[in-house]
Student: 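Once you've had a glance at the structure underneath, I'll fire off some questions.
Numbered from 1 within each chain, the chains take letters A, B, ... in sequence-line order.
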There are 2 protein chains.
Amino acid sequence: MDVFEAVAEPTRRAVLDLLAGRERSAGELVAAFPALTQPAVSRHLRILRESRLVDVRVDGARRMYSLRPDALAELDRWLDTYRRFWAGRLDRLAGHLDAKTGGGREEDTT
Amino acid sequence: MDVFEAVAEPTRRAVLDLLAGRERSAGELVAAFPALTQPAVSRHLRILRESRLVDVRVDGARRMYSLRPDALAELDRWLDTYRRFWAGRLDRLAGHLDAKTGGGREEDTT
DNA sequence: GCTTAATATACCGTTGCGCTTATATAATCC
DNA sequence: GGATTATATAAGCGCAACGGTATATTAAGC
């Protein structure tokens, strides 16, 4: 599943929001969604793993999940094409981000 | 349908890419996807309309579609939370974006 | 007014996602 | 080792999204 689809799911975005603060165990994440069962959350975690949005660290019987923003950077790069439409004057900032993630573009020749 | 789901569909992203260059008629967009039928593309356009990602201008019998980036800005705001994870040294730039979207110093806030 | 062109909607079939229950795997505790 | 805890996978189901064919709607040309 690609990053766009992974992020399209509200529960998965909520998981990412939780992980933005600090790493959490699978159990903590399950507890954060009382409306869902443990397997349901576990499946979401799998999808986030497979789309490289989160990282897992084994800690005994626990799996500690943390954010892995590379994939989100991909989203950001995609948005870059459109950013000029609502923030033309911030183009050079976008250029900066690009230079960091992609190795440099020719766009900010201002 | 929310913006995240709207953008999750590859065809719809391709439509946005086409519209990033210039506005196009529905017919042009249909022609751009030979693998799809006219109703299929029309349905995608409806979804893009309803999620406020595109604008329509009636021109006789034609409907001219154009990009409407407000909704993409929403995506960008969401990403802002995570931007620090891959561009920590660009925090102040993210701060800039924040000030633009949430600070209310601008005159064209919608 | 009738025909053609441009676009949208209705309807239906298929498929994939997300959920639940049940079960497997692996680590910890006694 | 057996029980318990933590997490993942399997199987099955319901629903919503996407695609196609057929049809409606609206504009243009004659």
Student: Quick one: what's the B/S/- string for nucleotides 21-26 of chain D, heavy-atom cutoff under 4.0 Å, read 5' to 3'?
Tutor: BB----
Student: Mind calculating the distance between CG (Leu36(B)) and C1' (dG19(D)) to the nearest angstrom?
Tutor: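 That distance rounds to 8 Å.
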Student: Once you round it to whole Å, what is the distance between C1' of dT28(C) and CZ of Arg62(A)?
Tutor: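 Atom CZ in Arg62(A) sits about 10 Å away from atom C1' in dT28(C).
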Student: Which part of the nucleic acid, if any, lies within reach of Ala8(A) when heavy atoms closer than 4.0 Å are counted: base, sugar-phosphate only, or nothing?
Tutor: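 Since no nucleic acid heavy atom lies under 4.0 Å of Ala8(A), the category is nothing.
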Student: Quick check: do Leu18(B) and Phe33(B) have side-chain heavy atoms less than 4.5 Å from each other?
Tutor: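 Leu18(B) vs Phe33(B): side chains touch.
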Student: Which atom pairs, donor and acceptor, lie under 3.5 Å between side-chain atoms of residues 66-74 of chain A and protein residues at least two apart or in another chain?
Tutor:
none

Student: Could you say whether Glu9(A) or Glu28(B) is positioned toward the 5' end of DNA chain C, judged by the nucleotide with the nearest heavy atom to each?
Tutor: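 Of the two residues, Glu28(B) wins.
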Student: Between side-chain atoms of residues 2-14 of chain B and protein atoms elsewhere (two or more places apart, or another chain), which donor-acceptor pairs fall under 3.5 Å?
Tutor:
residue	atom	partner	partner atom	Å
Asp2(B)	OD2	Phe4(B)	N	3.0
Asp2(B)	OD2	Glu5(B)	N	3.4
Glu9(B)	OE1	Thr11(B)	N	2.8
Glu9(B)	OE1	Thr11(B)	OG1	3.4
Glu9(B)	OE1	Arg12(B)	N	3.3
Arg12(B)	NE	Ala6(B)	O	2.7
Arg12(B)	NH1	His44(B)	ND1	3.1
Arg12(B)	NH2	Glu5(B)	O	3.3
Arg13(B)	NH1	Val7(B)	O	2.8
Arg13(B)	NH1	Ala8(B)	O	3.1

Student: Is it true that atom CZ of Arg52(A) has more than 12 heavy atoms of other residues, nucleotides or ligands lying nearer than 6.0 Å?
Tutor: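 Open: at most 12 neighbouring heavy atoms sit under 6.0 Å from CZ of Arg52(A).
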Student: Respond yes when some side-chain nitrogen or oxygen of His44(B) is under 4.0 Å from OP1 or OP2 of dA17(D), and no when none is.
Tutor: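 Result: no.
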Student: In whole angstroms, how far is the P atom of dA6(D) from the CG atom of Leu29(A)?
Tutor: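 The distance from CG of Leu29(A) to P of dA6(D) comes to 14 Å, rounded to the nearest Å.
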Student: Got Leu53(B) and Tyr65(B) here, is their nearest side-chain heavy-atom distance under 4.5 Å?
Tutor: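 They are not in side-chain contact.
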Student: Less than 4.0 angstrom from a charged side-chain N to a carboxylate O is my criterion; do Arg22(A) and Glu28(A) meet it?
Tutor: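 Looking at Glu28(A) together with Arg22(A), the answer is yes, because their closest N to O distance falls below 4.0 Å.
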Student: Of the residues in residues 45-57 of chain B, which ones touch DNA chain C at a heavy-atom distance under 4.0 Å?
Tutor: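 Contacting residues: Arg46(B), Arg49(B).
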Student: Looking at residues at least two apart in the chain, or sitting in another chain, which of them share a side chain to side chain contact (heavy atoms under 4.5 Å, CB included) with Gln38(B)?
Tutor: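 Listed in chain order: Val30(B), Ser42(B).
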Student: Is the closest side-chain heavy-atom distance between Asp76(A) and Arg83(A) below 4.5 Å?
Tutor: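 Yes. Closest side-chain heavy atoms under 4.5 Å.
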Student: Return the nearest nucleotide to the side chain of Met1(B); candidates are dA17(D), dC17(C), dT7(D).
Tutor: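 That would be dA17(D).
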Student: Looking at every strand, decide which applies to Ala35(B) at a 4.0 Å heavy-atom threshold: base, sugar-phosphate, or nothing.
Tutor: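 Ala35(B): backbone/sugar contact only, no base atoms under 4.0 Å.
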Student: Under 4.5 Å between side-chain heavy atoms, chaining through other members, with only Ile, Leu, Val, Met, Phe, Trp and Tyr counted: pull out the rest of the cluster around Met1(A), sorted by chain and number.
Tutor: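 Once heavy-atom contacts under 4.5 Å are chained together, Met1(A) belongs with Ile47(A).
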Student: Is the distance from OP1 or OP2 of dA6(C) to the nearest side-chain N or O of Tyr65(B) less than 4.0 Å?
Tutor: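 The answer is no; no side-chain N or O of Tyr65(B) sits under 4.0 Å from OP1 or OP2.
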Student: Taking only N and O in the side chain of Arg43(A), is any of them less than 4.0 Å away from OP1 or OP2 of dT20(C)?
Tutor: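 No, because none of the side-chain N or O atoms of Arg43(A) sits under 4.0 Å from OP1 or OP2 of dT20(C).
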